[in-house]
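Have a look at this one.
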2 protein chains.
Amino acid sequence: MQAVPAIAATARKKPSASIRPSGQERQASIIAAAAALFAANGFKGTTTKEIAKAVGISEALLFKHFPTKRALYAAILKEKVSIPELLASVEEAAHKRDDERVFTLIAGHRIRRGSDPTLLRLLLFSALEGHELSAMFFRTQHRVFYDYLAGYIAQRAKEGAFRHVDPMLTARAFTGMITHHRLLHEIFGVPAHRGPEDSVAAYVTLFLDGLRAVRPTRRKAAGRGAP
Amino acid sequence: MQAVPAIAATARKKPSASIRPSGQERQASIIAAAAALFAANGFKGTTTKEIAKAVGISEALLFKHFPTKRALYAAILKEKVSIPELLASVEEAAHKRDDERVFTLIAGHRIRRGSDPTLLRLLLFSALEGHELSAMFFRTQHRVFYDYLAGYIAQRAKEGAFRHVDPMLTARAFTGMITHHRLLHEIFGVPAHRGPEDSVAAYVTLFLDGLRAVRPTRRKAAGRGAP
DNA sequence: GCTCGGTGAGTAACCACTCACTCACTAGGT
DNA sequence: ACCTAGTGAGTGAGTGGTTACTCACCGAGC
């Protein structure tokens, strides 16, 4: 719904001192404006006329840069959706067996990703609308992310530091804890309960303590009374 | 994308023994067919022509039953999205302080909800596309669900059974653990790791142990070696 | 003078929605 | 028993507006 007037303003027709932007500059400004619109309204909900207006150019020029609407959409997804660069620092922490740091790094990364509403909406829309690139992204993301975390959990369990849990289930559970909060807020409009970053420590502590806990002796119904 | 031929078949023109369906029956069959299409392709991605074809009637008749496409969509959301009936059994378990049962009931309910792809997609699409009813649903859902769970966690912490955690954060974390798994599978096409129901126990154990754990003595980097 | 950034004015297809109309059946008067 | 007026289910053939995309044509700078 929301337009992107800031971008359009940089490209207005000025009869005097006309610094005509190069093809690449134009392409970048088109992608920026279109990404915002696609994120807000989805692929079907966005018209090429709207995009052209937001950039400040004619529809015809839009089709000089991208042969079809779908090609523009694909270019945006390809640009926005990149494999994260977090693995180096995580691997270092993992080598040191610094569980807190491993989980904190991963949680922080997820929160940062989830806090970009444009990216979040773009990804959800593309998945729901069944765009091929979205499926590919998740396959890749899955490999570098969930598989790594699951592997770490399995290793720590073997070393006796964690309880014996299902590693992949646990990796997904941890990720879900983080992203659900962001999803509720960014997509469903539920008010944010805390600042995104200062909840990381709380999540990590809660989760790690669960992983490390020695199973308590079965004490069913410990303590009685109305809630 | 997928048509609903079964429904259409019941309403074909048969010169002999023509049992014309009543208005209410028609209305129900329209809602069923349209819900499947809206869930698959979203509001903007579904045409009234497609819906009429799926039901097996003319477009004109569709507009005799629902004044606009939007009204049909609203009727579907209103029907599909109902407040869950789970609170009675949960309250009983909560009164008995049966933590396992409280969390298991809630987890099971979330999984059952999340396992209906039509409902899940309908809800996500409507939230992304900004339909008013979706926001309302989540406000209601939030009250009866998250608030209750957070209240229970706070109470149990006060009684000394749980550690002192942020109750709302913890309630959302638990819910997120459950739904993320379903989201990955149903929306993003990540293969299911386990059957949905048999992961409940694993989640609950992991989470409850985290809540009950006595904070372990700080032991940074316990155990070394390559992963 | 030729390329490149840029456009106004289209076009065919598609969209939600309308209209004038048919058909099968029923209730009631005669 | 028969006519008839009414009713509700149902439709073919549109309507005006919108959509993605095209094309012939500019004007400025190298």
Side-chain angles (χ1 to χ4, degrees), chain A residues 1 3 7-31 33-34 37-38 40-76 129 131, chain B residues 1 7-34 37-38 40-76 129 131:
Chain A
M1 283 292 173
I7 291 155
T10 68
R12 278 268 68 99
K13 331 171 188 177
K14 283 182 191 172
S16 62
S18 79
I19 312 148
R20 220 169 23 180
S22 76
Q24 280 202 328
E25 286 170 339
R26 258 288 120 85
Q27 200 137 328
S29 74
I30 290 172
I31 283 182
L37 286 169
F38 281 136
N41 310 317
F43 182 77
K44 293 251 181 184
T46 305
T47 69
T48 51
K49 199 184 225 166
E50 279 172 357
I51 296 169
K53 198 181 165 188
V55 184
I57 57 173
S58 66
E59 256 187 288
L61 184 55
L62 192 72
F63 282 97
K64 286 251 163 80
H65 283 279
F66 299 95
T68 61
K69 184 187 171 188
R70 218 166 175 85
L72 168 58
Y73 192 65
I76 289 169
E129 286 174 335
H131 196 278
Chain B
M1 281 292 168
I7 291 156
T10 66
R12 278 267 68 100
K13 331 170 191 180
K14 284 182 189 171
S16 63
S18 78
I19 311 148
R20 218 170 25 178
S22 76
Q24 280 202 329
E25 286 169 339
R26 257 287 119 86
Q27 200 137 327
S29 74
I30 290 172
I31 283 182
L37 286 169
F38 281 135
N41 310 317
F43 182 77
K44 293 251 181 184
T46 305
T47 69
T48 51
K49 199 182 225 164
E50 278 172 358
I51 297 169
K53 198 180 167 190
V55 184
I57 59 173
S58 67
E59 255 187 289
L61 183 55
L62 193 71
F63 283 96
K64 287 252 162 79
H65 283 279
F66 299 94
T68 60
K69 184 187 173 189
R70 212 158 185 88
L72 168 57
Y73 193 64
I76 288 169
E129 285 174 337
H131 196 278

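Letters go in sequence order (proteins before strands), and every chain restarts at 1.
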Next on the checklist: Please report the distance, rounded to the nearest Å, between CZ in B:Phe66 and C1' in C:dT18.
Outcome noted: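 Rounding to the nearest Å, CZ of B:Phe66 and C1' of C:dT18 are 18 Å apart.
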Checklist entry - Just how far, in rounded Å, is C1' of C:dC17 from NE2 of B:His65? => result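 The distance from NE2 of B:His65 to C1' of C:dC17 comes to 16 Å, rounded to the nearest Å.
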Item to check | A:Phe43 vs B:Lys44 side-chain heavy atoms within contact, under 4.5 Å | outcome: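 A side-chain contact is absent here, since even the closest heavy-atom pair is not under 4.5 Å.
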Checklist entry - At their closest point, which heavy atom of A:Thr68 faces which heavy atom of A:Phe63, and how far apart are they? => result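 Reported closest heavy-atom pair: CA-CE2, 4.2 Å.
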Checklist entry - Which letter, B, S or -, goes with each nucleotide of nucleotides 13-23 of chain D from 5' to 3', with contact meaning a protein heavy atom under 4.0 Å? => result ------SBBBB
Item to check | Gap between atoms CG and P, on B:Leu62 and C:dC19 respectively (whole Å) | outcome: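 So the two atoms are 17 Å apart, to the nearest Å.
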Checklist entry - Do the side chains of B:Ile31 and B:Phe66 get nearer than 4.5 Å, heavy atoms only? => result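 Yes, at least one pair of side-chain atoms sits under 4.5 Å.
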Next on the checklist: If you compare all heavy atoms of A:Ala54 against all heavy atoms of A:Ala33, which two are closest, and at what distance to 0.1 Å?
Outcome noted: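 Looking at all heavy atoms of both residues, the closest pair is CB-CB, 4.2 Å.
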Next on the checklist: Without decimals, in angstroms, what is the distance between A:Ile57 CD1 and D:dC26 P?
Outcome noted: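 Checked: the CD1 to P distance equals 21 Å.
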Next on the checklist: Do A:Leu72 and A:Ile51 have side chains that approach each other closer than 4.5 Å (heavy atoms only, starting at C-beta)?
Outcome noted: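 Counting from C-beta outward, A:Leu72 and A:Ile51 do come under 4.5 Å.
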Item to check | A:Lys69 versus A:Thr46, closest heavy-atom pair with distance | outcome: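 Between these two residues, the closest heavy atoms are NZ-O, 2.8 Å.
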Item to check | Bending between helix ends of the helix from C:dG1-D:dC30 to C:dT30-D:dA1 [5 pairs per end, 10° resolution] | outcome: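 One end's axis against the other's: 20°.
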Item to check | B:Tyr73 and B:Phe38 aromatic ring geometry - parallel, tilted or perpendicular at 30°/60° bounds | outcome: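 B:Phe38 and B:Tyr73: perpendicular rings.
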Next on the checklist: Please tell me if A:Arg26 has a side-chain N or O lying less than 4.0 Å from either OP1 or OP2 of C:dG6.
Outcome noted: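 Result: yes.
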Next on the checklist: In whole Å, I'd like the distance from the CG atom of B:Leu72 to the P atom of C:dC17.
Outcome noted: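 Whole-Å distance recorded here is 10 Å.
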Next on the checklist: Name the residue from A:Leu62, A:Leu61, A:Ile76 that meets the side-chain contact (heavy atoms from CB on, under 4.5 Å) definition with A:Ile30.
Outcome noted: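 Exactly one pass, corresponding to A:Leu62.
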